[in-house]
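The chains referred to below are lettered A, B, ... by the order of the sequence lines, with proteins before strands, and numbering in each begins at 1.
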Amino acid sequence: MISEEQFLTSVFWAQELPRDEQERARRGITLRTVEAGAYLIHRGDRIDNWTGVVTGLLRLGSITTSGKAVTYAGLPPSCWFGEGSLLKDEPRQYDVLALRRTQVALLNRATFHWLYENSVAFDRLLVRLINERLGQFIAQVEHDRTLDSAGRVARSLASLFNPVISPFMGSHIDISQEEIGLLAGVSRPVANRVLQELEKAGLLRNEGGGVTILDLERLRYYGE
DNA sequence: GCATTAACACGTA
DNA sequence: TACGTGTTAATGC
C-alpha cells in the first residue's frame with residue numbers, strides 16, 4: 001500500500017474520486033521498480049493490475065515476426081494503462097519495456113473491478129482515457145503513413161505531453177536522444193538531427209538527457 | 001536521397 | 001568510468 005501523500009501526489013485521478021473511494025483505491029495500490037531494459041509485461045501475460053507510471057519511461061510496443069521492434073506509444077509519468085486487458089479479461093497483447101529505471105504504481109484487479117462496478121467518477125475517468133487514447137492511435141496511423149522522420153519524431157514527442165493521458169507532465173521530460181529514437185522508430189543520428197531542427201524552429205530546447213517543450217501545438221502539427 | 005550501423009571525439013557526472 | 005551528444009564514413013533500400 002502507498003502513503004496518502006504519495007497517493008495524492010503521484011496518482012493524478014485521486015482527487016476525482018469521493019473520499020471513501022479514494023481510500024479504497026489507495027489501499028489497492030502497490031509500488032514497484034523496473035530496471036532499465038527490463039520488461040514489465042510480456043505479450044501473452046495475464047494482467048493483474050491497472051498500471052500507472054510514477055517516474056521514468058516505458059515503451060508500449062511489440063516485436064514483429066521478422067524481429068523488428070514496433071513502438072505504439074511512450075508511457076511517461078502520470079500515464080495509466082492496461083485497462084483494456086483488465087476489462088476484457090484477456091492476455092496482454094503488447095510488450096511493455098522500461099527504457100530507463102522506472103517506478104510504477106499497481107492497482108490490483110479486485111479494486112479495479114470494484115471501482116468499475118461502483119464508482120461513477122471512476123467510470124467517467126476510464127471513458128475519458130479510452131476516448132483520448134483512441135483518438136491518439138488513429139492520428140498516429142495517419143501520421144506514420146504520411147510524415148517524414150522529422151514529423152514522426154515531433155509527433156511522438158508531443159504525444160508524451162497529452163494533458164488528458166499524462167496530466168502531470170509539465171513541459172520538461174528527462175529523455176535521451178537515444179530513447180527518443182526508440183520511441184519514434186528512428187536511429188539516434190536521425191533523432192539528433194531532428195532535435196536540432198526543432199530547436200532552431202523554436203519548438204523545444206535540448207538540454208542533454210532531457211527536452212523542454214516550448215510550443216506543444218506547433219510540435220503536434222510539425223511537418224503537416 | 002535518405003536512413004542505418006559503427007565508430008570516434010568530446011564534455012560532463 | 002559511464003553516459004549523452006555531435007559527427008562522419010561505409011553501406012543499403
Side-chain angles (χ1 to χ4, degrees), chain A residues 9-10 31-43 52-79 94-104 136-162 165-166 168-224:
Chain A
T9 55
S10 62
L31 293 173
R32 184 177 151 193
T33 299
V34 191
E35 295 304 323
Y39 280 88
L40 173 64
I41 298 162
H42 279 104
R43 183 176 189 159
V53 180
V54 179
T55 61
L57 186 62
L58 301 176
R59 181 181 70 184
L60 173 69
S62 59
I63 306 293
T64 64
T65 42
S66 58
K68 206 180 159 202
V70 185
T71 299
Y72 301 123
L75 308 174
S78 76
C79 170
Y94 317 106
D95 297 319
V96 178
L97 169 75
L99 290 181
R100 57 173 59 207
R101 190 185 164 86
T102 298
Q103 190 176 45
V104 292
Q136 198 176 48
F137 279 120
I138 288 173
Q140 189 173 320
V141 170
E142 181 191 343
H143 286 101
D144 282 350
R145 292 179 183 177
T146 58
L147 294 185
D148 60 11
S149 57
R152 291 206 304 277
V153 170
R155 179 82 212 173
S156 56
L157 254 183
S159 70
L160 295 177
F161 290 87
N162 182 306
I165 290 173
S166 353
F168 281 5
M169 283 297 288
S171 64
H172 180 273
I173 184 171
D174 288 318
I175 187 171
S176 70
Q177 297 184 348
E178 167 96 43
E179 291 161 346
I180 290 171
L182 289 171
L183 291 182
V186 300
S187 64
R188 187 177 68 78
V190 169
N192 174 267
R193 179 176 53 72
V194 172
L195 284 166
Q196 292 180 52
E197 179 182 328
L198 295 173
E199 184 167 50
K200 278 200 193 85
L203 304 191
L204 53 78
R205 199 163 55 234
N206 292 309
E207 285 154 346
V211 170
T212 293
I213 305 300
L214 300 176
D215 191 334
L216 183 58
E217 277 312 296
R218 280 174 61 214
L219 190 66
R220 190 167 278 151
Y221 298 111
Y222 190 82
E224 279 183 21

Separation of Leu97(A) CG from His42(A) NE2 (nearest 0.5 Å): 8.5 Å
Could you tell me if the side chain of Ile180(A) sits less than 4.5 Å from the side chain of Leu195(A), heavy atoms only? yes
Whether Ser159(A) side chain and Gly74(A) backbone form a donor-acceptor pair below 3.5 Å: no
Is it true that Thr212(A) and Glu207(A) share a donor-acceptor pair across their side chains at a distance under 3.5 Å? yes
Okay, side chain of Arg152(A), backbone of Leu147(A): is any donor-acceptor separation there less than 3.5 Å? yes
Between Tyr72(A) and Tyr94(A), does the ring centroid distance fall short of 6.0 Å? yes
Minimum side-chain heavy-atom gap Leu219(A)-Leu204(A) below 4.5 Å: yes
The reported gap from CG in Leu75(A) to CG in Leu40(A) (rounded to nearest 0.5 angstrom) is 9.5 Å
Please list, chain by chain and in numerical order, all residues satisfying side chain to side chain donor-acceptor pair (under 3.5 Å) with Tyr39(A), sequence neighbours excluded. none
Look up atom OH in Tyr221(A) and atom CG in Leu216(A), then write down how far apart they are to the nearest 0.5 Å. 9.5 Å
Show me the protein contacts with nucleotides 1-4 of chain C, counting only N or O atoms at under 3.5 Å.
unit_1	atom_1	unit_2	atom_2	d
dG4(C)	O3'	Gly209(A)	N	3.3

Nucleic acid contacts of residues 187-198 of chain A, taken as heavy-atom distances under 4.0 Å to DNA chain B: Ser187(A), Arg188(A), Pro189(A), Val190(A), Arg193(A)
5'-most to 3'-most nt of DNA chain B touching chain A (<4.0 Å, heavy-atom partner on protein side) reads dA3(B) to dA7(B)
Go through residues 152-160 of chain A and report each residue with a non-hydrogen atom lying under 4.0 Å from DNA chain C, sorted by number. none
Does any pair with a residue in residues 169-188 of chain A pass salt bridge (Lys or Arg N to Asp or Glu O under 4.0 Å), and if so which ones, sequence neighbours excluded? Arg100(A)-Glu179(A)
Does the side chain of Val104(A) come within less than 4.5 Å of Leu31(A)'s, by heavy atoms? no
